[in-house]
Structures are given as C-alpha cells and as structure tokens.
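In the text below, chain A, chain B and the rest are named by the order of the sequence lines, each starting its count at 1. Atom set for the values below is all heavy atoms of this structure, side chains included, hydrogens, waters and symmetry mates excluded.
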2 protein chains.
Amino acid sequence: MTISEENYIKVIYHLSLVSPKGVNTNAIAGMLDTKASSVTDMMKKLSDKDLVTYQKYQGVTLTDKGLHSAKMIVRKHRLWEVFLVDKLGFSWDEVHEIAEELEHIKSEQLINKLDAFLGFPVADPHGDPIPDAKGIIKKIEKQLLSEVEINASFHCVGVKDSSTDFLKYLDKQKIALGSVVKVIDKEDFDDTLTVEIDGKRLTISNKIANNLYVQ
Amino acid sequence: MTISEENYIKVIYHLSLVSPKGVNTNAIAGMLDTKASSVTDMMKKLSDKDLVTYQKYQGVTLTDKGLHSAKMIVRKHRLWEVFLVDKLGFSWDEVHEIAEELEHIKSEQLINKLDAFLGFPVADPHGDPIPDAKGIIKKIEKQLLSEVEINASFHCVGVKDSSTDFLKYLDKQKIALGSVVKVIDKEDFDDTLTVEIDGKRLTISNKIANNLYVQ
DNA sequence: TTTTATTTTTAGTTTTGTCTAAATTTAATT
DNA sequence: AATTAAATTTAGACAAAACTAAAAATAAAA
C-alpha cells in the first residue's frame, strides 16, 4: 500500500463514521485537497485491491480489509501523537502534522513495541481512542460540554475540533484533559456558559462548549 | 526534497567517504538497486537544485548544501536507531530497515527533541557517529581488531559491516559494544586470532576481526 | 415532469521516477 | 595508436498519481 492509498483509506474511514452508507467522491476530494476526478481514479484502484466497495455514482464504503487497514493507520497516528506529547514534550497542537508522516511507517513490530513503551494508552492527546493491535476500539463515554446538565461536575476527556486555534485557546484558559469542569449557569439567549474549571470561574461561548468532551 | 532524492544524496555521501574526488554513476546505481540511466537522470535534477556538482562522465560530488542535507539524513537515521534499540528494545540487527523509513520524516524540531530525549548520543547502536544539529561529527578514535597489537586490552566500539549475519554472529558469541577484548595470539598462516572477550577465550577468523572496531 | 444544477466520471495530459535499448565517451589492452 | 571493453549518457517509453475539460448521471427545482 502506497502512502497515497493509505491517505485515501484513512479519509474514507473518518468520513464513514459520519456517513456510513457511502462516502461521496467530493467529500473525499475535499478532505485530501485534490480533485474529484483523482478520487474516482483512486477508487478504482482501491476497489481492485479489495479495500473499498465502489459502484459508480453510488459512493464508497470500506471492505473488512479496508476497515482494518484504516484502523491500523489511525492506531499508528494516535500512538505517535502520544509519543510526541508524552515523551518528546510537544504540545497537543503541534503533533498532528508530524503524526501524518509517522503513520505511514510500515513495521507492525515497531508499532506494537511503541504501544508497549507508551504503556498501552487508550486515547491520544486529544482524547481520541486508540485502536488496539486487533483493531478494537474501546469506546470512550463522553458528552459535549454544551449538552450537560447544570451544576454537575465532569472532567475533560477530549476535544471534537482539534484545530490549532481551538487547542491554543484551551491552553490559554488552562483547560487540559483531566481538568474538572462544572457548569454554573447557561444563558438562554446564546447558550453562553458560566463554568468553573479547576476551581476557576470562566465564561465560554457555545461554540467552545460544543467542541469539548466531558465525562 | 523527495524521499528518492534524499536516498540518492545519502548514498552519494556514503560513497564520498571512500572516493572523495567523485562518485561513479554505477556505484550509486549499485547501492540503490537501480539502473545507471536512472542515476544520470537524477544527477541532473540534484545538480539543478544545487545539491551535487555533476559533469557528464566525471562523477559527482556533494555541494556544501548537499553535504549538509546528507548529514541531516544520517543524523536522523542514527538517532532513530538509538531510539529503536534503547527505548523500544529492538536488537541491533533489526533496526536498519525501519530507520531507512524514519530518516525521511521531515520535522527538524522532532529530530532535535528526539536527540534530547535520547540524551544526545554520539554513536548509534553499531558504533557509527551521529552528526549533531549543526552537522558536526565527533570523530570516534578506533582501530580494527585485526590491526591491533597482541596482549593489549581494548573495548569494542563499533562494527564495520553491520549486516544481519555478522551482528547475529556477535550476539551468539556475546560480543557487544563495550565488551573488553584482548588479543592473546595471532596465527601467522591465516591471521586467525585467539582473543579473550569479557574474560572468555575465543577463536575468531580474520574476516571477523576485520569488521570489529576497538579502542 | 421537464429543466436546471450538481455531482461524478471519462478522456486525454503532465510530472516524477523508473526502465530498455541504442549511442557516446572514457578507460584498458593489444 | 588502434582496437576492444567498460562505463555513461541519450532517447523514447511506461506506471503512478495527479490535473483539466468535456461528457454523463443523479439530484433538485420549476
């Protein structure tokens, strides 16, 4: 499998989580910053390799084989992210791009040894679950902060949007995975929240609350 | 720089150490398992990018820019090898191929953080020196075991040939970097050595002694 | 249900890195 | 110095992965 093929498989996997009955050509093109025609070409190739089920104009889904490949790529990506943050001291907004390269390193032995070295983590630095060596993903129970009842206490377990801007905002507000969050009040007009994070009172917009997972 | 270009630069670097006045097209082709005509094509491209000095039929040398690139690739390769052995528990005969992939990961910050994480090692698991962030290579004083005087004590600091077969032989004989070696006797006929390694007496061929560096 | 708009595919090119086969240059030998 | 051998380069072709522009299919709107 080439790096390009792996990138397509990975994108189809992520899009499948949202549209499980078939992923659009244009959606794939958008994610990979390429043209629809290139996607069509690649779908034929991946279909020949039995990684996707593809019928003209009908969108694509991953085969079992494709799904497993995708999970292994995601596994590698997220394990490398843990390595970069926990061992090398990168911050969580710096690791995505590097992990995009590292996820294509081939050795299975490497990734399993890395997994052990890191202590078999179940989530990456953004709270996303890490598939195990068999591809099994332990579901992390979580809710968006925007949907949680008032006056109950939670702690941060992940982010939905992991863009640099959002992560840097969280850093600035000293919000990290593990932080204890309690919703004090919710403004009816625009859903702005007053929260207490690690004991400190803070006002956050609905957009922020809608991108933060708590448990 | 593409992966392919990096591989060419690296090979030219290694060959330059042996033939500093110009590296042959065929030699490069041999190392990269490709054809001479492909090498010629690539030399034009690398020359356009000011990475090599190339004149038809006259062989190639690295420019300053090319030399620096080469050293950074070697640096990455060797640091990753240290990581694989010291942190992940690979044996020294397993790491070369994986490092061949890892050496192409782009981030400079990554490699400098890795360097720090590993404690700024000066040599890789085979005893080869690791260029620092500026490309400076600390020369390791060493002699081949085959060229050392009788009855003096040394310790192993590296291997010349790092093929799997040779490394596995050393493992079997419990010879590792750091082992204390003393030449007890040398057979005039075929230069076979009787040595004492970590206190244990052993007979080794000239071919072995000729691939083991001591200090 | 037509018509229009959108999405997707096809057809034909381009670029990168490779190849084969032929031509050319350099090196070695008689 | 002429001839042969070896190394190197050129010319032309191919596969992978992308592109553009045009055609075809599906979906949305009138």
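Between the CG atom of A/D41 and the P atom of C/dG12 there is a distance of 14 Å, given to the nearest Å. Separating the CD1 atom of B/I28 from the P atom of D/dT9 is a distance of 9 Å, rounded to the nearest angstrom. Atom CE of B/M42 and atom C1' of D/dT10 are 18 Å apart (whole Å). With rounding to whole Å, A/M43 atom CE is found 10 Å from D/dA18 atom P. Per the geometry, NZ belonging to B/K49 stands 12 Å off C1' belonging to C/dT15, to the nearest Å. The distance between atom CE of B/M1 and atom P of C/dT16, rounded to the nearest whole Å, is 15 Å. Summarising the geometry, the separation between CD on A/Q55 and P on C/dT9 is reported as 11 Å, rounded to the nearest angstrom. Atoms CG (B/D48) and C1' (C/dT16) sit 14 Å apart, rounded to a whole Å.
The one candidate from A/K76, A/R78, A/R75 that meets the salt bridge (charged side-chain N to carboxylate O under 4.0 Å, His left out) condition with A/D115 is A/R75. With A/V183 as the fixed residue, the side chain to side chain contact (heavy atoms under 4.5 Å, CB included) test singles out one of A/I150, A/V214, A/I204: A/I150.
Contact annotation: A/S38 side-chain N/O to D/dC19 OP1/OP2 distance is under 4.0 Å. At the phosphate of C/dT10, OP1 or OP2 sits under 4.0 Å from a side-chain N or O atom of A/K44. The phosphate of C/dT9 (OP1 or OP2) has a side-chain N or O of A/Y54 nearer than 4.0 angstrom.
In this model, no donor atom of one side chain and acceptor atom of the other lie less than 3.5 Å apart for B/D124 and B/H77. In the model, B/S163 has no side-chain atom that pairs as donor or acceptor with a side-chain atom of B/D165 under 3.5 Å.
Relative orientation of the A/Y169 and A/F166 rings is parallel, given thresholds of 30° and 60° on the angle between their planes. Note: B/F117 and A/F83 have perpendicular aromatic rings, judged against thresholds of 30 and 60 degrees for the angle between ring planes. Taking the six-membered ring where the residue is Trp, A/W92 and A/H126 present parallel rings, their angle staying beneath 30° rather than reaching 60°.
Only B/N24, B/T25, B/N26, listed by number, bring a heavy atom of residues 20-27 of chain B to less than 4.0 angstrom from any atom of DNA chain D. Contacts with DNA chain D (heavy atom under 4.0 Å) in residues 98-106 of chain B: none are found.
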Protein-nucleotides 25-28 of chain C N/O pairs under 3.5 Å:
residue: C/dT25; atom: O4'; partner: B/Y57; partner atom: OH; Å: 3.3

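Contact detail for A/P125 and A/L177: the closest heavy-atom pair is O-CD1, 3.4 Å. A/S162 approaches A/V159 most closely through the heavy-atom pair CB-CG2, 3.9 Å. Across A/K186 and A/L193, no two heavy atoms sit closer than the pair CG-CD2, 3.5 Å.
Between B/I9 and B/Y13, the closest side-chain pair of non-hydrogen atoms is not below 4.5 Å.
Within the 4.0 angstrom heavy-atom criterion, base atoms lie near B/S37. Residue contacts shown for A/S4 are limited to sugar-phosphate atoms, with no base heavy atom under 4.0 Å away.
A side-chain donor-acceptor contact under 3.5 Å links B/E5 to the backbone of B/T2.
Minimum atom distance to the side chain of B/T40 is reached by D/dT10, of the listed C/dT9, D/dA18, D/dT10. Residue B/A36 places its side chain closer to D/dT9 than to any other of C/dT18, D/dT9, D/dC19.
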